[in-house]
Undergrad: 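What follows is a structure written as structure tokens; I'll ask about it next.
What's counted below: heavy atoms across the whole structure, side chains too, no hydrogens, waters or symmetry copies. In what follows, chains are A, B, ... by sequence order, proteins preceding strands, each numbered from 1.
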Amino acid sequence: MPVVVNGVKELQKAMTKVDPALNKEMQKNIKAAMVIVQNKARGYLPANDDVLTGWAKKTASADTVNYRPFPTYDYEQARKGIIYRSGQNRRNDRGFRASFYVANVTAPGSIFETAGRLGVPEGKGSLNPNAPAEFNAAAEFLSSMKGQGKQRGRVIYRAWYEENNKVIPAVVKAIDTVAVKFIKDTEIRKAA
Amino acid sequence: MPNLIVSAVSTFDNRGLKKGKKELTTFEKSVKSLGKTFASVFSAAYIVNYSKKAVAAFAADQKAAKSLEVQLKNTGFAFSSPAVELYIANLQRATGVLDDQLRPAFQQLLTVTGSITESQKALNVALNVSAATGKSVQEVSAALSRAYAGNTTALSRLGAGISKTTLKAGDMDEILAELNDKFAGQAQARLTTYAGKMDLLKVASENVKEEIGKGILGALEALGEDTNIEKTTKKMEELGKTTSDSIRGIGVLFKTLGDIPGLGMLGKAFYETSTLGLLARLGKMDKPLRELPANEQRAAGRISAQQFRTEARQKKELDRLRALEIAKLKEKTNVDKLKDQFDIERIGLMAALNSATDEETKLRIKGQLAILDNNDALAKKILEEMKAAEAAKKFADAVTDAADRLGTFDPAKFRMGENKDLGLDALQILAAMMAMQGAASGLVPLAGMNGKGKAAAEVLGYGQKYSDINQGTLGGSIFDPSFFRRGEEASMQDIRITVDTAATGDRFAQLVAESIQIATKTGISYGVAGGL
């Protein structure tokens, strides 16, 4: 679970006004910790040859069908979709915003991340009634799912599950360090 | 895109939650006010007041329905009464016009037309005209009823723009067709406007009120008590007090009210008359009109057939009565003829006509008879004849006068321009000669001549026509009447005129030419001696 920190944005605003270098230092330190997660997550993506053969084939295109076809797996595309952002994202339905986050934004990446998380579907859209189960089993074989609840997956969630106990303290430390420095600088300036 | 994110830091933004809280508060307030509305609806005073109005509305509706039923019975359509009621109810729902207005209008039209079909057709036209012109349905129906009776003045004042020719002709089929062409669909179009929708709500509300009134009256009868609304509403009031405190209690109220006989639908009716109920009705306005259940449709078909047969029978009777009226009118004419024969004035005139000897008198008597009969054509004819007779008489007088003058004329003494005692010039003499010759040839009636003129005409009247001139012989003068005699003995009295033209120059020749022209025009032809 991410650490809920109140006042980070206000701190950043203040630092930008008072000492922009402190803000940059904080962001640099946090990025160093989060990039570890990003790189590990990218490592869990399978190559094009590793996934089920049908998934990597481009059997339909936008020119021949009038609906969005099932996304074809492409390693490069999925790899580029594992990103790191230092700003804040959109507020979710519970009112929380994420800062300094790693996200899996592509369709094939997301499919590989979460396939089989809710169970095995009935397979109505295929001639092979066991297609969903076989797909999930193949994905699980390539990368096992780790985590809990909605934070469970094969790519970023697996990387976070494995690295968060190191990353979170590093991030907190980075913020805390900068905050202390900022306060000291501010007091000195006030005194001055 | 799936929201797959892992982050080390997150912050809580409570702006959205504050907005959500505000929305909840507004909703809670609405719910509370709704509770108050329901509470006021079920208050005792409201129930009593509403109940009285409902009963009054039902009573008025029942009276109007009964009146229409009696009207239908009187016109021989008693069996169509349920179908007509259904028609009125559907029309009310389809047009937004209350049955309080529709029934009297329909009744009025039925009285003058005597036909349900015709009345329905006229009422539909009246509704369209009312929607277009803004006048009430009753006003338009009254105008149509008067038009059916023969008076189209009210129709012309409606402002419907009917042509004067059509109104003057008085053919109701044409008038209705013209109105339909102009205003078809107006009543339906009005329902799409705000005012039309409010009318539909009003109709629904009034119907519910009448139903409630009916239910209350039925409940009073079922209870077997004195028909006192206050007593019944007191019971309702006691029930209302226990359940009007909360919204949840409404369900209990409905159930309790339902236990009172005849009032089972009261709770539902209250909902329907409230704002929520009326708004819900708006959404159902486009549902199809009421249809008879399947098991009643066959009966409706038989009723329609019987209605058609009745109308056909009545039409036949109407035609028979019309034929009878025409026959009676003809009989009246024969009576008038007989009456004429015993008219004293007429008898006198006829006797005078029979005893008259001259044409002029006969003509005058005929003129008087024409005046008595008021016969315009005959009077005109007699007038022309009288004018012709007068003209002929004048001409004959002129001829006679000329002949008389000629009789006293001494040709030896006459010289053109010399003998002025006679006061006549050559032209007049020539004219007199022509007249006499004309009379002799039969060109003018001899009947108008008398005395010497007639004698002169008879002398000349050999029966010869002037086309025989070319066979005559030229005498010493062109005025020698012997020109016109062929091989006749000279025992007849001849008239010789010698005219000395020495002093006249060319004028005499001109006069001769003119006289020949005149004679030719009157049909007398001249030829040169020796000519063909």
Side-chain angles (χ1 to χ4, degrees), chain A residues 1-10 26 30-31 33-34 37-38 41 81-86 88-107 109-111 113-114 147 150-151 153 155-161 163-164 167-172 174-175, chain B residues 1-41 192 197 244-252 254 271-272 274-288:
Chain A
M1 281 291 291
V3 175
V4 178
V5 178
N6 289 324
V8 173
K9 196 173 177 184
E10 288 76 9
M26 183 184 75
I30 293 172
K31 185 178 177 181
M34 293 302 291
V37 175
Q38 182 187 20
I82 308 296
I83 56 172
Y84 165 76
R85 292 288 182 267
S86 61
Q88 284 188 324
N89 71 341
R90 195 180 294 175
R91 187 182 65 243
N92 66 6
D93 53 358
R94 292 170 190 269
F96 289 94
R97 285 174 178 267
S99 300
F100 312 107
Y101 60 89
V102 172
N104 185 357
V105 299
T106 57
S110 301
I111 290 169
E113 175 89 54
T114 58
K150 288 191 178 178
Q151 297 276 319
V155 184
I156 61 171
Y157 290 126
R158 180 178 175 181
W160 180 255
Y161 178 79
E163 298 294 328
N164 72 79
V167 170
I168 290 176
V171 169
V172 171
I175 295 171
Chain B
M1 197 61 67
N3 193 17
L4 303 176
I5 290 173
V6 291
S7 68
V9 176
S10 65
T11 54
F12 178 69
D13 188 348
N14 63 354
R15 277 181 300 173
L17 190 59
K18 277 183 186 172
K19 188 181 169 193
K21 261 188 164 178
K22 192 177 167 188
E23 285 170 354
L24 275 171
T25 309
T26 309
F27 177 69
E28 280 172 357
K29 280 183 184 171
S30 301
V31 168
K32 280 185 181 170
S33 68
L34 194 65
K36 283 181 189 169
T37 305
F38 272 99
S40 68
V41 163
T192 58
K197 287 195 184 299
S244 63
D245 292 335
S246 65
I247 299 172
R248 189 179 53 191
I250 291 170
V252 175
F254 286 167
Y271 167 72
E272 286 180 343
S274 70
T275 311
L276 291 175
L278 292 176
L279 285 172
R281 274 172 177 273
L282 262 178
K284 296 177 191 172
M285 282 303 170
D286 58 344
K287 71 176 180 183

Undergrad: Does atom OH of A/Tyr84 have more than 12 heavy-atom neighbours, drawn from other residues, nucleotides or ligands, at distances under 6.0 Å?
TA: yes
Undergrad: Could I get the full list of side-chain hydrogen bond (donor to acceptor under 3.5 Å, both in side chains) partners for A/Gln38, not counting sequence neighbours?
TA: none
Undergrad: So do A/Tyr101 and B/Val6 actually touch side chain to side chain, heavy atoms under 4.5 Å?
TA: no
Undergrad: Does any heavy atom of chain B fall under 4.5 Å from the side chain of A/Val37, the backbone, both, or neither of them?
TA: side chain
Undergrad: Given the rule in the side chain to side chain contact (heavy atoms under 4.5 Å, CB included) test, do A/Val102 and B/Ile5 qualify, once you have shown the distances and angles that lead to the verdict?
TA: CA-CA 6 Å; A/Val102 172; B/Ile5 290 173; over 6 Å; no
Undergrad: At what distance, to the nearest 0.5 angstrom, does OG of B/Ser7 lie from CG of A/Asn164?
TA: 11.0 Å
Undergrad: Starting at CD of A/Gln151, measure out to CG of B/Leu4 and round the result to the nearest 0.5 Å.
TA: 9.5 Å
